[in-house]
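Working notes for the structure below.
Note that the coordinates shown come from a computational prediction; the quantities given were computed from them, not determined experimentally. Whatever order the structure lists ligands and atoms in, that order sets their numbers, starting from 1.
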Amino acid sequence: MPSTNPPRIALAPETAPTWIAEAIQAGGGHVVPLADAQALVWAHPRNPKGLEDALEAAPDVQWVQLPWAGVEDYTHLVDDDRRWTCGKGVYAEPVAELALSLALAGMRGFGTYLRSTTWGGQLGRNLIGARVTVLGGGGITTSLLRLLRPFDCHVTVVRNRVQEMQGADVVIESDRYLDALPGADLVVLALSLTPETDGLIGRGEMESMERHAWLVNVARGRHIVTEDLVWALGEGVIGGAGLDVTEPEPLPDGHPLWSMQNCIITPHAGSTREMSEQLLAERITANVRRFAQGGELIGPIDPDLGY
Ligand SMILES: NC(=O)c1ccc[n+]([C@@H]2O[C@H](COP(=O)([O-])OP(=O)(O)OC[C@H]3O[C@@H](n4cnc5c(N)ncnc54)[C@H](OP(=O)(O)O)[C@@H]3O)[C@@H](O)[C@H]2O)c1
């Protein structure tokens, strides 16, 4: 039954920006102290201890909204006692655009061209008509499939819960991901970080890829074993890597990846702060409205799957 009273929502930690409070109010919520709250919007991307403390101070909280799409730092707190949502899909459009940019830049040789100070030889391959494998089938992949449409690629998506996806030629389940690496001109990582996907792409996986293939990672750095990537790029085992995320992150100055011509790095800029604010505000407003009406919330975290 929808309640006639405005939902009482706490916003924490104290450093949370005011635009989030405005987003809660836009959804009809009242921002209240933790002790009075029915729901909590947690605005810190990486502070699980802070969230744990906040929940102890907020015994009546039935719903927790997390800010990021990736929730690996918080999964140990996610339980069946409350509803948990995150920013999955919120940043999909800008991140998919960056994935496409990294793929085009990498495949067309920009890693080399942009570092050149002299007129060199021609290099590059087409994305048009390429075979593309995407690991992950969530918000980012859905947007990327739409952006790839004019390029007439053959796209294989690998995901946990197989279902038809518009723009994908083939969708296969995650335990068959090794089948989808050979033959791909481009492999894009757009999946959640879980114990199963931590270190998913190492030496053996890269050896099974084509020597010209580009690996684009817009998900989490830990999906790729960094020292294996350095080896694979150095030995020409794969064509190159476009990385928006790295392990460690930030990637330290002087790290070998910085100086490799077949590596293009962006500093976790898939969705910049300017791009993200409005997108997250819209999600929070929508979910506060749904919470007030007793409706289904967008971006639920499954405690068993861990994303
Ligand atoms: N670079 C950035 O700025 C940025 C911004 C936002 C997000 N991210 C990262 O990108 C990830 C994806 O974001 P999103 O919004 O697309 O999230 P999402 O909608 O939650 O999608 C996550 C996808 O990962 C899939 N998955 C989980 N385990 C898998 C496995 N073992 N093999 C293959 N697929 C697996 C899920 O499959 P099912 O749906 O079939 O269960 C789901 O489709 C986030 O978790 C986050 O780490 C990065």
Side-chain angles (χ1 to χ4, degrees), residues 45-46 66-75 78 84-103 133-147 155-168 170-181 184 187-201 205 215-224 241-247 249-251 264-277 279-280 282-283 297-307:
R46 271 173 300 276
L66 299 177
W68 255 213
V71 294
E72 61 277 4
D73 292 332
Y74 289 107
T75 38
V78 176
W84 289 79
T85 53
C86 68
K88 61 171 72 166
V90 167
Y91 314 102
E93 292 282 287
V95 177
E97 184 183 270
L98 185 75
L100 178 64
S101 310
L102 288 170
T133 289
V134 188
L135 303 191
I140 294 173
T141 301
T142 303
S143 297
L144 182 61
L145 290 173
R146 188 172 49 71
L147 297 182
V155 186
T156 300
V157 171
V158 182
R159 62 184 295 178
N160 270 343
R161 294 167 288 186
V162 170
Q163 54 191 274
E164 231 173 80
M165 295 187 75
Q166 211 174 6
V170 184
V171 183
I172 62 170
E173 62 228 351
S174 44
D175 53 10
R176 289 184 52 210
Y177 80 101
L178 285 174
D179 298 345
L181 299 179
V187 175
V188 180
L189 306 185
L191 70 172
S192 321
L193 183 64
T194 65
E196 292 75 41
T197 66
D198 203 333
L200 192 71
I201 305 291
E205 288 71 25
L215 175 62
V216 167
N217 189 4
V218 290
R220 287 289 183 261
R222 274 165 49 193
H223 293 303
I224 300 177
L243 310 172
D244 187 42
V245 287
T246 59
E247 174 58 29
E249 193 171 305
L251 193 67
I264 299 176
I265 299 168
T266 52
H268 205 139
S271 182
T272 66
R273 183 173 297 188
E274 288 72 24
M275 296 167 191
S276 298
E277 278 185 14
L279 297 171
L280 180 59
E282 283 167 9
R283 170 65 66 85
L297 300 174
I298 312 169
I301 303 171
D302 183 318
D304 298 323
L305 291 172
Y307 61 88

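- Closest to atom 20 (O) of ligand 1, if we only count protein heavy atoms, is Lys88 CB, 3.4 Å.
- Leu144 places none of its side-chain heavy atoms less than 4.5 Å from the side chain of Val155.
- With hydrogens left out, the protein atom closest to atom 39 (O) of ligand 1 is Arg159 NH2, 2.9 Å, a heavy atom.
- Of the protein's non-hydrogen atoms, the one nearest atom 32 (N) of ligand 1 is Ser174 CB, 3.1 Å.
- Of all the heavy atoms of Asn160, the ones lying under 4.0 Å from any atom of ligand 1 are found in both the backbone and the side chain.
- Taken to the nearest 0.5 Å, the OG atom of Ser143 stands 11.5 Å off from the CG atom of Leu100.
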Could you check Arg46 against Glu72 for side-chain contact (heavy atoms from CB on, under 4.5 Å), going step by step and ending with a plain yes or no? CA-CA 9 Å; Arg46 271 173 300 276; Glu72 61 277 4; over 6 Å; no
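- Scanning the protein for heavy atoms near atom 33 (C) of ligand 1, the closest one is Val158 O, 3.5 Å.
- Considering backbone and side-chain atoms together, Gly137 places an N or O closer than 3.5 Å to an N or O of ligand 1.
- In this structure, CG on Leu305 lies 9.0 Å from CD on Glu196, to the nearest 0.5 angstrom.
- Atom OG1 of Thr156 sits about 10.0 Å away from atom CG of Leu135, to the nearest 0.5 Å.
- In this structure, atom 5 (C) of ligand 1 lies nearest to the protein heavy atom Val95 CG2, 3.4 Å.
- Not a single heavy atom of Ala92 lies less than 4.0 angstrom from ligand 1.
- Separating the OG1 atom in Thr142 from the CE atom in Met165 is a distance of 3.5 Å, to the nearest 0.5 Å.
- Heavy-atom contacts from other residues, nucleotides or ligands closer than 6.0 Å to CD of Glu164 number 12 or fewer.
- Of all protein heavy atoms, the one closest to atom 25 (C) of ligand 1 is Gly136 CA, 3.9 Å.
- Polar contact check, Glu196 against ligand 1: no nitrogen or oxygen pair lies under 3.5 Å apart.
- Residue Tyr307 has at least one nitrogen or oxygen atom sitting less than 3.5 Å from a nitrogen or oxygen atom of ligand 1, judged on distance alone.
- Protein heavy atom at the shortest distance from atom 40 (O) of ligand 1 is Arg161 N, 2.6 Å.
- From Thr266, atom OG1 reaches atom CG of Leu102 across 5.0 Å, with rounding to the nearest 0.5 Å.
- When heavy-atom distances to ligand 1 are checked against a 4.0 Å cut-off, Thr197 comes that close only through its side chain, counted from C-beta outward.
- At least one N/O-N/O distance between Gly139 and ligand 1 falls below 3.5 Å.
- For the atom pair Trp68 CH2 and Leu280 CG, the distance stands at 8.0 Å (nearest 0.5 Å).
- Among all protein heavy atoms, the one lying closest to atom 22 (C) of ligand 1 is Ser192 OG, 3.2 Å.
- Checking Pro195, Ala69, Ala190, Ser271 against atom 12 (C) of ligand 1, the nearest heavy atom belongs to Ala190.
- No side-chain donor-acceptor contact under 3.5 Å links Ser192 to the backbone of Tyr307.
- Here Glu93 pairs with Arg146 under the salt bridge (charged side-chain N to carboxylate O under 4.0 Å, His left out) rule; sequence neighbours left out.
- Residue contacts with ligand 1 for Leu191 involve both N, CA, C or O and side-chain atoms from C-beta outward (heavy atoms, distance under 4.0 Å).
- Under 4.0 Å from ligand 1, the heavy atoms of His268 that appear belong solely to its side chain.
- Polar contact with ligand 1: present for Gly89 (N/O pair, distance under 3.5 Å).
- When the shell of 6.0 Å around CD of Glu97 is examined, it contains 12 or fewer heavy atoms from other residues, nucleotides or ligands.
- For ligand 1, the polar-atom distance check finds an N/O of Ile140 within less than 3.5 Å of one of the ligand's N/O atoms.
- Residue contacts with ligand 1: Tyr177 is excluded, as none of its non-hydrogen atoms falls under 4.0 Å.
- Ligand 1 has a nitrogen or oxygen under 3.5 angstrom from a nitrogen or oxygen of Val218.
- Contacts with ligand 1 closer than 4.0 Å are made by side-chain heavy atoms of Arg220 only, the backbone lying farther away.
- Proximity of Thr194 to ligand 1 is not established, as no heavy-atom distance is less than 4.0 Å.
- Checking only distances, Gly138 does come within under 3.5 Å of ligand 1, N or O to N or O.
- Taking the side-chain contact (heavy atoms from CB on, under 4.5 Å) definition, one finds that Ile301 meets it with Leu66, Val71, Val78, Trp84, Cys86, sequence neighbours left out.
- Nearest approach of Asp198 to Leu193, heavy atoms of both residues: CA-CD1, 3.8 Å.
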Could you walk me through whether Glu205 and Leu200 pass the side-chain contact (heavy atoms from CB on, under 4.5 Å) check? CA-CA 8 Å; Glu205 288 71 25; Leu200 192 71; over 6 Å; no
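- Within the listing of ligand 1, atoms 3 (O) sit less than 4.0 angstrom from a heavy atom of Gly270.
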